Each structure stands twice: as C-alpha cells, then as structure tokens.
2 protein chains.
Amino acid sequence: MFEFRLDTRSGVPFYRQIIDQIRFGIATGQLRMGEQLPTVRSLAVQLKVNLNTVIKAYKELEIQKILETQQGTGTFIGSETVNVSAKERRNKTKSICEEFVNVAAVYGITPKQLIEELQKNEGGNL
Amino acid sequence: MFEFRLDTRSGVPFYRQIIDQIRFGIATGQLRMGEQLPTVRSLAVQLKVNLNTVIKAYKELEIQKILETQQGTGTFIGSETVNVSAKERRNKTKSICEEFVNVAAVYGITPKQLIEELQKNEGGNL
DNA sequence: AGTATTGTACTAGATAAATAGTACAATGTT
DNA sequence: AACATTGTACTATTTATCTAGTACAATACT
C-alpha cells in the first residue's frame, strides 16, 4: 500500500506535499492507473490534517486529470500519464539531501559520514 | 562566492530557504567561519524579497549562534560547534539515515541516488 | 426505501508569510 | 564633524495556509 508522509518542519504546505507524493508515486510506478486512493476523510484522519486540505490536493490533481473522482465511490488514479521531469526529480533529490545534511550538521555529522552510513546498508536492499 | 537561490514554486517560505542554504553552505564547507555574508539590504535586492524576510532569516540563525552580527559592519559565519559523544553520534547518524531513506522513498528516490547526490557536494569542502 | 459512504460546497476564523514603509542605532570612512 | 553603510525596530496590510464546522449530493449496499 502507498504511504503518505508529511514533513511538518519543511514549511511546504501539506496539500502540496500530498500532491507531490501522488505525482511521484505515479511517476515511479508505486501508484498505478485505476488504483483507488484513500478517501478524503480517511487520509485526513491518517495524516492528521483537515478534510479541506486533502480535498484541495485531490481537486488540483483532478483538474490536471491525474486523478479521477466519482462522488459516492472514491478517488482513483487517472489515465493521464504523469511526467515528472528529470529536472524536477533532481530538484527533489537535492532538496531532500540539503535538508538532511543540515539536520545532520546540527549533530556534527558530516556529509561524508552520511554517505558511509548509507553505503553500509546498500548491500541488503532492492 | 556563495550563491543564493530561491525556489518560488516549492511553497517553502523564503526566509526558511535562506536559512537552509546558509546552513547547508556551512555544513558542506562552502561557507567558512568568519566569512561575511551579504548585507541584509543587498541580499534582499539580490533575491528580490523584502528586507524583513532576510532579517528574519539572519536573526534566527543568530539566535542559534550560527551567525554573528555586528551592527554597522555586517553579518558573519559564527564559530559554533556541537560536541556529542561518539556513541551518540553513531546512533544519531543511523537514525537520521533511516529517516532520510524513508522520506526519499516516498518520492521514489533510491539510497543509491541519495549517495550520488551527496557525493556531488563532496568536492568543495573540508 | 433506508442507510452508510463517498465527494462537494460553503462560511468563518486563526496563524504564518511576505510586502511596504518609516525611523532609529551602531560602525567605519572621509 | 559629516556621511555612508550596516543592522534594528516598529506598524500596517495583503495573501496563503490550515483548521473548524455545517450542509448537501451522488453512489453503493442492504
């Protein structure tokens, strides 16, 4: 199942984080055409945000034809292909790395040490 | 010279982007102790944001002792270092990396890609 | 038909963020 | 002493975001 995850510290609006995660989820094949998303109410509860916040995210994606909604039934991944550009992916990767390097720096952990730690776990994964 | 760059689309507040970039700059060695930052006015002009936005960023970093300011002179990178035990650091490194990998996974970014991105910034540092 | 579940449409209010503008204070230079 | 440059301290306004709450509409199920 697809997992949403909000970063409350980043300053990025919740609805935008939801949008991004769905878009990236589709782009990377984690979410597939026709698949049902959590209902607006359940996702709101799950992420501990207001109903309207989820609605705002779903609605924007529906306008872009990335999602299809049926009142009374639910919200589904549409047939529109999502292209997350290489540039956008790079930016996302970069911003995530920046944030973590910053967090690590607070504890005196250098980027080099982060790399080493990540490489340790490189063996036993996908 | 250090280059600032605001992403107007990300939804991340400007002052936070400035903060993050300075912290990242220090963590990666691009900004060094004692180095002078742009003046609040010049950076405001450069980034096309309001004076208060830059002030807010600088001030928060000053509270954290990451920056040092002298009225009439300018704002400089401070000398703050954090001391943590080796054991504590190892644990912290591990937990940060775990979190890091999980967040990245939401966006379909693999650990391998994270390592590559981190290595990019490895060149220009201590 | 009745009920539960789904999405939709509102209004209202709180807080955060950014802009705009003015005035003041400390430092360095001339 | 005069001036320019630096950071500081305000106030006011606008916009975006999020929360809260209510009511309604469409669909599926019993």
Side-chain angles (χ1 to χ4, degrees), chain A residues 1-2 4-23 31 34-80 95 99, chain B residues 1-2 4-23 31 34-78:
Chain A
M1 187 203 159
F2 193 68
F4 289 89
R5 192 168 181 147
L6 295 185
D7 183 348
T8 53
R9 290 186 183 180
S10 69
V12 180
F14 295 155
Y15 80 95
R16 189 172 292 276
Q17 292 187 43
I18 295 171
I19 289 174
D20 278 352
Q21 288 175 25
I22 292 173
R23 291 183 65 242
L31 290 172
E35 188 168 339
Q36 180 167 14
L37 288 175
T39 68
V40 286
R41 282 179 180 80
S42 69
L43 187 54
V45 170
Q46 182 188 329
L47 296 180
K48 293 175 184 162
V49 297
N50 193 269
L51 180 59
N52 299 319
T53 305
V54 178
I55 289 176
K56 190 171 182 180
Y58 277 17
K59 203 168 176 184
E60 187 164 325
L61 288 169
E62 204 208 346
I63 291 172
Q64 295 172 25
K65 311 225 173 170
I66 291 172
L67 295 184
E68 289 171 3
T69 63
Q70 284 184 337
Q71 192 167 335
T73 310
T75 303
F76 304 83
I77 307 295
S79 52
E80 190 83 355
S95 69
E99 189 183 338
Chain B
M1 188 205 159
F2 194 69
F4 289 90
R5 200 187 168 135
L6 295 186
D7 183 348
T8 51
R9 290 186 181 184
S10 68
V12 181
F14 295 155
Y15 81 94
R16 187 172 291 278
Q17 292 187 42
I18 295 172
I19 288 173
D20 284 348
Q21 287 175 27
I22 292 174
R23 284 165 48 89
L31 291 172
E35 189 168 336
Q36 180 167 15
L37 288 174
T39 68
V40 286
R41 280 180 181 78
S42 70
L43 187 54
V45 170
Q46 181 187 330
L47 297 180
K48 292 175 186 163
V49 296
N50 193 270
L51 180 58
N52 298 318
T53 305
V54 178
I55 288 175
K56 191 171 183 179
Y58 277 18
K59 204 168 178 185
E60 187 164 326
L61 287 169
E62 204 207 347
I63 290 171
Q64 295 172 24
K65 310 224 175 174
I66 291 173
L67 295 184
E68 289 171 4
T69 63
Q70 285 186 334
Q71 193 167 334
T73 309
T75 303
F76 304 84
I77 306 295

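Quick note on labels: first sequence line is chain A, next is B, and so on, each numbered from 1. Small disclaimer: the values here were computed from a predicted structure and weren't measured.
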*For B:Gln70 and C:dA25, what is the distance between atoms CD and C1' respectively, to the nearest whole Å?*
14 Å
*For nucleotides 11-19 of chain C, just jot down a letter per nucleotide in 5' to 3' order: B, S or -, based on protein non-hydrogen atoms under 4.0 Å.*
------SSB
*Starting from P on D:dA16, measure out to CZ on B:Arg9 and report it in whole angstrom.*
16 Å
*Spacing between A:Lys59 atom NZ and C:dG7 atom P, to the nearest angstrom*: 13 Å
*Does any non-hydrogen side-chain atom of B:Asp20 lie less than 4.5 Å from one of B:Arg16?*
yes
*CD of A:Gln36 versus C1' of C:dT5: gap in Å, rounded?*
11 Å
*D:dG7 phosphate, OP1 or OP2: any side-chain N/O from B:Thr75 under 4.0 angstrom?*
yes
_How many whole angstroms separate atom CG of B:Leu67 from atom C1' of D:dT6?_
15 Å
*What is the distance from atom CG of A:Asn52 to atom NZ of A:Lys59, rounded to the nearest 0.5 Å?*
10.5 Å
*Once you round to the nearest 0.5 Å, how far does CD of A:Glu68 lie from OG1 of A:Thr75?*
10.5 Å
*Between atom CZ in A:Phe76 and atom C1' in C:dT5, what is the gap in whole Å?*
12 Å
*asked:* Let me confirm one number: the CG-CD1 distance from A:Leu43 to A:Ile22, rounded to the nearest 0.5 Å.
replied: 7.5 Å
*Between C:dT6 (C1') and A:Leu43 (CG): distance, integer Å*: 14 Å
*Measure across A:Ser10 and A:Gln17 and return the closest heavy-atom pair with its distance rounded to 0.1 Å.*
OG-NE2, 3.5 Å
*D:dT8 phosphate, OP1 or OP2: any side-chain N/O from B:Thr69 under 4.0 angstrom?*
yes
*What distance separates A:Arg5 CZ from A:Leu47 CG, expressed to the nearest 0.5 Å?*
11.5 Å
_Distance, rounded to the nearest Å, where A:Tyr58 contributes OH and C:dT6 contributes C1'_ = 12 Å
_For A:Gln21 against A:Phe4, the heavy-atom pair lying closest together_ = OE1-CA, 3.4 Å
Pull out every protein N or O sitting under 3.5 Å from an N or O of nucleotides 23-25 of chain D, one pair per line with the distance.
| unit_1 | atom_1 | unit_2 | atom_2 | d |
| --- | --- | --- | --- | --- |
| D:dA25 | N3 | A:Gln71 | NE2 | 2.4 |

*Specify the closest pair of heavy atoms between A:Leu61 and A:Arg23, including all atoms of both residues, with the distance to one decimal.*
CD2-CG, 3.8 Å
*So how far is it from A:Asp7 CG to A:Phe14 CZ, rounded to the nearest 0.5 Å?*
9.0 Å
*asked:* Using a heavy-atom cut-off of 4.0 Å across all strands, would you classify A:Glu62 as base, sugar-phosphate, or nothing?
replied: sugar-phosphate
